[in-house]
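I have placed the structure first, in the form of structure tokens, so that the comments after it can refer back to it.
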Amino acid sequence: MSRLRAALPLFLLVMAGVVLYASGALSQLSPEYLVAHQARMREEIAANPWLARLSYIGLLTLGMATGIPGTIVIILAGGFAFGVVEGTIYSSIALTLGSLILFLASRYAFGAGRKHPPALVERLRHGFAHHPVSYTLFLRFVPVLPFGAVTVCLAWLRCRLWLFLGATWLGGTVTLVFETLVGAGLGDALSQADHIGLGMLLHRNVLLPLGGIALISLLPLLVERLTRHRRVPPPGV
């Protein structure tokens with residue numbers, strides 16, 4: 001019974017994510033839909049500025065806390081609706097808060113890592129035990145796994161709370177800047193093309209942020225390669 005009680009918060013989060021995903025609410029946040037209804041959206045934001053912003057933060061917090069796929073759509077919508085600066089700030093708050101909720105629920109459900117972890121987490125344990133800071137930052141910056149899956153893995157690994165919050169905020173916010181730029185760029189591109197196509201990715205306001213995301217993903221790999229080269233002793237030593 002105690003194990004079921006411990007798993008209840010995580011189960012409720014998963015169910016909330018299923019309901020949110022199945023409701024089709026995310027489809028109304030696609031760039032194409034927002035462009036088609038941008039006049040009404042602007043009016044609603046102007047009429048209820050605080051409610052609109054709090055609703056956005058709440059929706060993205062729920063999406064991050066449940067770990068559902070498709071939260072990138074919400075982030076892009078934030079860039080389209082509020083601009084790069086505001087969109088990044090609101091998304092950063094929601095991402096950190098939602099990830100914290102999922103992290104605490106997962107750690108509580110897993111008994112703070114007392115039980116044997118699944119195979120996926122077991123492969124991460126060795127490196128994490130020796131280099132927890134660099135390993136956590138690597139997982140947050142390099143998209144080897146979905147953001148929610150990394151959160152659950154870090155809970156299994158018994159990552160310290162301060163390290164989790166710092167890495168989540170830093171890694172998430174840096175990536176959010178470029179994702180929000182993509183959202184704002186898609187809005188500009190769609191307002192000119194009125195439809196989504198592959199050619200839209202070549203739009204300057206979309207292509208440059210996408211290139212930034214690719215560079216961020218490769219940066220930890222480059223740092224790791226450089227530091228590994230320095231750790232290797234020269235021949236004859």
Side-chain angles (χ1 to χ4, degrees), residues 17 20-21 23 25-103 140-141 143 146-148 151 164-194 196 200-201 203-217 219:
L20 177 62
Y21 190 82
S23 67
L26 297 183
S27 63
Q28 298 185 11
L29 297 175
S30 64
E32 189 171 28
Y33 183 90
L34 292 177
V35 167
H37 301 84
Q38 61 179 319
R40 187 182 66 182
M41 179 194 68
R42 304 290 183 191
E43 293 176 357
E44 292 179 352
I45 293 177
N48 304 282
W50 286 107
L51 179 60
R53 286 159 173 79
L54 290 175
S55 298
Y56 172 75
I57 293 175
L59 179 61
L60 183 55
T61 299
L62 178 61
M64 298 305 302
T66 58
I68 61 171
T71 51
I72 181 63
V73 177
I74 306 177
I75 297 171
L76 295 179
F80 179 86
F82 303 112
V84 176
V85 176
E86 280 194 87
T88 301
I89 293 174
Y90 304 146
S91 297
S92 179
I93 295 173
L95 179 144
T96 305
L97 181 58
S99 298
L100 176 61
I101 294 172
L102 179 59
F103 177 80
R140 274 307 186 212
F141 274 98
F147 204 88
T151 297
F164 172 81
L165 287 175
T168 297
W169 177 82
L170 179 61
T173 301
V174 171
T175 306
L176 280 174
V177 172
F178 292 95
E179 291 176 344
T180 307
L181 280 168
V182 172
L186 281 175
D188 182 51
L190 276 171
S191 64
Q192 301 176 19
D194 294 329
I196 293 180
M200 187 175 300
L201 298 178
H203 193 281
R204 181 175 182 272
N205 292 340
V206 178
L207 184 61
L208 291 180
L210 287 176
I213 294 175
L215 289 177
I216 290 175
S217 301
L219 183 59

Do you know the tightest heavy-atom contact between [X] and [Y]?
X: R42; Y: A81; answer: NH1-O, 3.1 Å
X: A77; Y: L29; answer: CB-O, 3.6 Å
X: S92; Y: T173; answer: OG-OG1, 2.7 Å
X: G148; Y: L102; answer: O-CD2, 3.8 Å

Min side-chain heavy-atom separation [X]-[Y] under 4.5 Å:
X: S99; Y: W169; result: no
X: T168; Y: F147; result: yes
X: T71; Y: M64; result: yes
X: I45; Y: N48; result: no

(message) Keeping T96 on the side-chain end and I93 on the backbone end, is there a donor-acceptor pair under 3.5 Å?
(response) no
(request) Taking S91 for its side chain and G87 for its backbone only, find out whether a donor-acceptor pair lies under 3.5 Å. (result) yes
I need the [X] [atom1] to [Y] [atom2] distance, nearest 0.5 Å.
X: L54; Y: L59; atom1: CG; atom2: CG; result: 12.5 Å
X: L165; Y: L170; atom1: CG; atom2: CG; result: 12.5 Å
X: L20; Y: T66; atom1: CG; atom2: OG1; result: 6.0 Å
X: L26; Y: I74; atom1: CG; atom2: CD1; result: 5.0 Å

(request) Would you list the pairs meeting salt bridge (charged side-chain N to carboxylate O under 4.0 Å, His left out) in which at least one residue belongs to residues 63-92, sequence neighbours left out? (result) R53-E86
(request) Could you list the residues that satisfy ring-ring contact (aromatic ring centres under 6.0 Å, His included) with Y56, not counting sequence neighbours? (result) F82
